[in-house]
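Numbers restart at 1 for each chain; the letters A, B, ... are given by sequence-line order, proteins then strands. Computed from a prediction, not measured in an experiment: that's the story for all the values here.
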Protein chains: 2
Amino acid sequence: MRIVIDAMGGDHAPQKIVEGAVLASRKYSDIELILTGRKEILNKILENNHSPKNITVINTSEKIDMNESPARAIKKKKDSSIVKGLDLLHKKEADAFVSAGNTGAVMAGSLFKLGRIKGIKRPSILVSFPSKKGETILMDNGANVDCKPINLYQFAIMGQIYAKYVLGIDNPKTGLLSIGEEKAKGNQLVKESYDLIINAQEISDFVGNVEGRDIYNGSCDLVICDGFVGNVVLKTTEGVASLMFSLLKDAFTTNLRAKLGALLLKPYLAKLINKTDYRQYGGAPLLGVNGVVIISHGSSDEIAIMNAVKVARETVIQNIVSKIENKVNEDGEK
Amino acid sequence: MRIVIDAMGGDHAPQKIVEGAVLASRKYSDIELILTGRKEILNKILENNHSPKNITVINTSEKIDMNESPARAIKKKKDSSIVKGLDLLHKKEADAFVSAGNTGAVMAGSLFKLGRIKGIKRPSILVSFPSKKGETILMDNGANVDCKPINLYQFAIMGQIYAKYVLGIDNPKTGLLSIGEEKAKGNQLVKESYDLIINAQEISDFVGNVEGRDIYNGSCDLVICDGFVGNVVLKTTEGVASLMFSLLKDAFTTNLRAKLGALLLKPYLAKLINKTDYRQYGGAPLLGVNGVVIISHGSSDEIAIMNAVKVARETVIQNIVSKIENKVNEDGEK
């Protein structure tokens, strides 16, 4: 299996991205990693890390910045680490692509180079959130801001396949994000999507409407919403966690007594810190495009990249793209 | 000033609601409180609390349950604590109404009995969120799920008046909730609202698009969004905070060493706990209806009710209803 990593994308590229590739190359002996980016820079970092045999470099001369207009950048910068990486997927010279770069550009590039899975109207970004029982996956996290019921219905199908085969949840309980549990609650999109999903034979274990708090309490495995709402949920989560950690830090450093208390507690805070650390969840798969594409957080470090490779590897092994294609087309046209 | 409290609404009614009224009656000597509900029950609780002189009871025989259909309940249960309370406002026999009961029924009843402020298209629920710098108010929190740009524009006008006069923030920095700071980011509603708000002379200190995390980092004072998104943000916040407190509690009780650490830290955790305690923020004003209506959390206890009365009192003193009416109509028709 060959996994391409965009070594130039993200706040800590290329150093931490390459280090993440090195960690992944040590962890998984069954993969080959291909880095796209400035050859001389990447090779130097690899040399400092004993040049692992299962990592190769493909030189690219251009870089797509975080704030560039995605569609224009993809068309213009043909020798960028993102476009070259996706080219390899398109030509079947690689099985998956990982990037912590400009998310819009990765999405636009994936649509342009790989296209959608036959039958899928819109791709969707899947993100894992921590819950009291483990994790809850949420779709969509920003790929599509103005959705139709058919999109939410297809997100549920794709998310169930991912939950089942990659996360090993046999009957993923699926909820529709709304503002009350009753069927009548929600906006127009949610009400229409509810009717479509509840009547769809191909979606089992639909638990109906759920609320924001259900993402974290473990009452369901998969939550469906449009990409605007999902992205707001993602950034709200980051904001609340950051505020609470900041208040905790203030408390822990108030005075000597507090510092002693914090010192005693330190070993037991690992679970809290790990649970709320996005790096543990690796990357977010862009489901619905015709290839395995994993989007990593812009501030990814080596741990995040290693975990993104893990997600890419699992998604390839489990044949998620084919499974989605089969499922959507066996159900016929909607 | 007379403030009516729905003594039958909320998970802990009537006991905690009456106790909250008693606390408020002691704190504010310039208000009279009127409780609507079952007279014999309320009087008994008041007797146990030394029957404060500035609290009177108006008997009602009916109760609107939390899950009743709002519009139907308001029309049918004319002798309920909510309808009777709003009647008093309508007849100018009271200045404000506080309820921890069925939110939908309070909204429907307010629109039915009081109507909207002239010029206001849709009312909006304003909720305070904790931030690193103090608090951030967000509108709308669930009064309107499918909004038009004119609604978001009016939420900004109402929110700025409330921030200025009730919260004492002279130039409330106002952001539009989106999924990126750039003008081009967001869904159709956000993009159109952006254009309307940035060109509106009556809205100063518009900082443009903000993200979910900006609610908590203190970068703005007022955040505007539609009521579906706002309610998702509210419940997401509750969910994340609840998960983190649960993980903290696990850490604090791991073993003897952890318990000792927690004991040492305990006095310094007050700020974290207070900041994330909804009760400190009292009630959520329903702005845009022709009267002062404060919606309290369904699980309100006596502290929450006391703080809701505080919010009601301030909103009356500052003449927020008139100020909104003047502002909206001086700007002419949109």
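When each of N231(A), L265(A), L247(A) is scored by its heavy-atom pairs under 4.5 Å with chain B, the top score falls to L265(A). Per-residue heavy-atom pair counts under 4.5 Å with chain A were compared for G212(B), S69(B), S242(B), S131(B), and the maximum is reached by G212(B). Across G227(B), A258(B), P130(B), the residue that shares the most heavy-atom pairs under 4.5 angstrom with chain A is A258(B). The candidate with the highest count of non-hydrogen atom pairs below 4.5 Å against chain A, out of K185(B), E182(B), K266(B), E211(B), is E211(B). Chain B forms more heavy-atom pairs under 4.5 Å with one residue of T276(A), L269(A), L248(A) than with any other, namely L248(A). Among N67(B), I215(B), L177(B), D214(B), the residue making the largest number of heavy-atom pairs under 4.5 Å with chain A is L177(B).
Annotation: side chain of V232(A) is not in contact with side chain of V232(B) (no heavy-atom distance under 4.5 Å). Residues Y216(B) and M244(A) fail the side-chain proximity criterion, which asks for heavy atoms closer than 4.5 Å.
Contacts of K275(A) with chain B are made by side-chain atoms alone, with heavy-atom separations under 4.5 Å and no backbone atom involved. Looking at L263(A), only its backbone comes within 4.5 Å of chain B, counting heavy atoms on both sides. With a 4.5 Å cut-off on non-hydrogen atoms, T237(B) touches chain A through its backbone and its side chain both. Looking at V233(A), the atoms closer than 4.5 Å to chain B (heavy atoms on both sides) sit in the backbone and in the side chain alike. Within the 4.5 angstrom heavy-atom criterion, no atom of D226(A) approaches chain B. Proximity to chain B (any heavy atom under 4.5 Å) is restricted, for T254(A), to the side chain, taken from C-beta onward.
Looking at D146(B), its side chain does come within 3.5 Å of a backbone N or O of Q188(A) through a donor-acceptor pair. With R213(B) contributing its side chain and K235(A) its backbone, the two residues share no donor-acceptor pair below 3.5 Å.
The environment of K148(A) atom NZ is sparse: at most 12 non-hydrogen atoms of other residues, nucleotides or ligands sit within 6.0 angstrom. For R257(A), the CZ atom counts as densely surrounded, since its 6.0 Å shell holds more than 12 non-hydrogen atoms of other residues, nucleotides or ligands. Sparse packing is recorded around NZ of K173(A), with 12 or fewer heavy atoms of other residues, nucleotides or ligands lying under 6.0 Å away.
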Would you please test N217(A) and L243(B) for side-chain contact (heavy atoms from CB on, under 4.5 Å) and show each step?
-> CA-CA 7 Å; N217(A) 66 17; L243(B) 171 65; over 6 Å; no

Run the side-chain contact (heavy atoms from CB on, under 4.5 Å) check on V145(A) and I179(B) step by step: do they pass?
-> CA-CA 9 Å; V145(A) 290; I179(B) 60 169; 3.3 Å; yes

For the pair F129(A) and V240(B), evaluate side-chain contact (heavy atoms from CB on, under 4.5 Å) and give the outcome as yes or no after the intermediate values.
-> CA-CA 10 Å; F129(A) 288 76; V240(B) 177; over 6 Å; no

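Summarising the geometry, atom OH belonging to Y268(A) is positioned 14.0 Å from atom CG belonging to D250(B); distances are rounded to the nearest 0.5 Å. In this structure, the separation between CG on N144(B) and CG on N187(A) is 12.0 Å, given to the nearest 0.5 Å.
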